[in-house]
Structure formats: structure tokens, C-alpha cells
Amino acid sequence: MLPAASTILFGALPATYLCLLPAALIVKSIQALAGGDILPGLLGLLYGFTALYGAMSLWLVPFTVRNPIVITGLVAGMLVISPITYAAIFKPHLYDREDWLYTLATILPFVVALTWLAYFAINKPRLRSSIATDDSDVGD
């Protein structure tokens, strides 16, 4: 219960807040594609949908088992948000003091996704031996 609530409160909600900009970028990218700007339009679509995929993965991760689709979404979301997170942590003068909500919204989803990925790596299922212990198939 607590990991799910923490993931939603500190990861999924801030990531959804951050996805307002990529959602607007998707609309602008579609307009750019319609106007003939192929490369900027495709890059904008790729960035926007990757950001949405990462945010949706943060919504799904506490309610699913170790799912490769969700894990891929966490990694994709971390890759999309990592330049902004880097700037928020190591270049704090880029943001005003009034931007503290935006700064938290960039750092918290990254940390939550990293925590889930570490949890999945530590608690990965142990491989069972595929060697049969039954000797019934051994010839006489």
C-alpha cells in the first residue's frame, strides 16, 4: 500500500504534470508534419510519446508485477527527463525560486523510477536449475 501511494504521489503525479509540455509538443509536431517539416515533427512526436510512455509506466508500476513493458517505460521516461533533472540538480540557478514545483516535478519522478528499477534488479527471480532431478529418462 505504501509503495503504491508513494509512487503515485511522488512519481506519477509530478510526471503527469510534466507531460503537459510534451502533450503540447505532440500537437505542434503534428502541425509541423502537416506543414512539411518532417524531421522536427518526427523528433517532437518521438519525444512527446516517450514522455507519455514514461509517465504511464509510473502509473502502472505499483499495480503490476515485474513487467518488461513497464520497465522499458521507466527507462524511457528517465532518458527523456534526465537532461531536465540534471539541470535542476546541478544548475539550480537556471530556475527561479518560484519554480520549486517544477524543480520537484523533475527530480521526484526520476528518483521514483530509479528506485523501482533498483528494486526490480535486486529482487529479480532466481533462476531455477533446468537440470532434471528425475532419473527416469536415463537408459539402463
Side-chain angles (χ1 to χ4, degrees):
M1 169 84 174
L2 185 61
S6 298
T7 300
I8 291 171
L9 183 63
F10 298 120
L13 286 175
T16 304
Y17 170 72
L18 281 181
C19 278
L20 295 176
L21 184 63
L25 182 64
I26 289 172
V27 173
K28 290 290 186 184
S29 297
I30 292 172
Q31 292 173 352
L33 285 172
D37 294 331
I38 302 297
L39 186 61
L42 289 177
L43 290 176
L45 285 175
L46 178 68
Y47 183 85
F49 282 121
T50 305
L52 290 173
Y53 181 40
M56 289 224 267
S57 295
L58 276 173
W59 279 103
L60 292 175
V61 72
F63 305 112
T64 61
V65 293
R66 192 180 152 172
N67 187 346
I69 294 172
V70 172
I71 291 172
T72 305
L74 292 176
V75 172
M78 287 177 63
L79 287 174
V80 166
I81 201 173
S82 62
I84 303 167
T85 304
Y86 177 83
I89 293 173
F90 295 111
K91 309 265 186 195
H93 62 278
L94 292 176
Y95 300 108
D96 294 332
R97 291 193 184 265
E98 291 82 30
D99 291 337
W100 65 271
L101 184 63
Y102 183 76
T103 303
L104 280 178
T106 59
I107 295 171
L108 291 175
F110 188 86
V111 171
V112 169
L114 185 64
T115 304
W116 274 107
L117 289 173
Y119 173 78
F120 288 145
I122 291 170
N123 293 324
K124 63 182 173 183
R126 305 285 182 233
L127 295 175
R128 293 187 179 171
S129 175
S130 61
I131 299 173
T133 59
D134 185 18
D135 291 335
S136 63
D137 60 343
V138 178
D140 292 324

Test side chain to side chain contact (heavy atoms under 4.5 Å, CB included) applied to Val111 - qualifying residues, sequence neighbours left out: Ile107, Thr115
Gap between atom SG of Cys19 and atom CG of Leu52 - 0.5 Å precision: 4.5 Å
Met56: hydrophobic cluster co-members (side-chain, 4.5 Å): none
Nearest atoms (heavy-atom pairs only) where Ala105 meets Leu18: O-CD1, 2.9 Å
Trp116-Leu114 co-clustered via ILVMFWY side chain contacts under 4.5 Å: yes
Derivation and outcome, side-chain contact (heavy atoms from CB on, under 4.5 Å), residues Leu25 and Leu21: CA-CA 6 Å; Leu25 182 64; Leu21 184 63; 5.8 Å; no
Criterion side-chain contact (heavy atoms from CB on, under 4.5 Å) on Phe120 and Val61, from CA distance to verdict: CA-CA 11 Å; Phe120 288 145; Val61 72; 3.7 Å; yes
Listed partners of Leu79 passing side chain to side chain contact (heavy atoms under 4.5 Å, CB included), at least two apart: Val75
Sequence-distant partners of Leu45, side chain to side chain contact (heavy atoms under 4.5 Å, CB included), two or more places apart: Ile26, Ser29, Ile30, Leu33, Phe49
In residues 63-71, what donor-acceptor pairs under 3.5 Å come from side-chain atoms, sequence neighbours left out?
{"unit_1": "Thr64", "atom_1": "OG1", "unit_2": "Leu60", "atom_2": "O", "d": "3.3"}
{"unit_1": "Asn67", "atom_1": "OD1", "unit_2": "Ile69", "atom_2": "N", "d": "3.1"}

By side chain to side chain contact (heavy atoms under 4.5 Å, CB included) - contacts of Phe10 (at least two apart): Ser6, Leu108, Val112
Hydrophobic cluster membership, Leu9 vs Tyr17, 4.5 Å side-chain cutoff: yes
Check against side-chain contact (heavy atoms from CB on, under 4.5 Å), Ile84 and Phe110: CA-CA 10 Å; Ile84 303 167; Phe110 188 86; over 6 Å; no
Over all atoms of both residues, closest heavy-atom pair of Pro14 and Pro109: CB-CG, 3.8 Å
Pairwise distance OG1(Thr106) to CG(Leu104) - rounded to 0.5 angstrom: 7.5 Å
Leu13 with Tyr53, same ILVMFWY side-chain cluster at under 4.5 Å: no
Joint hydrophobic cluster, Tyr119 plus Leu117, side-chain heavy atoms closer than 4.5 Å: yes
Approximate separation, where rounding is to 0.5 Å, of Leu42 CG and Asp37 CG: 10.5 Å
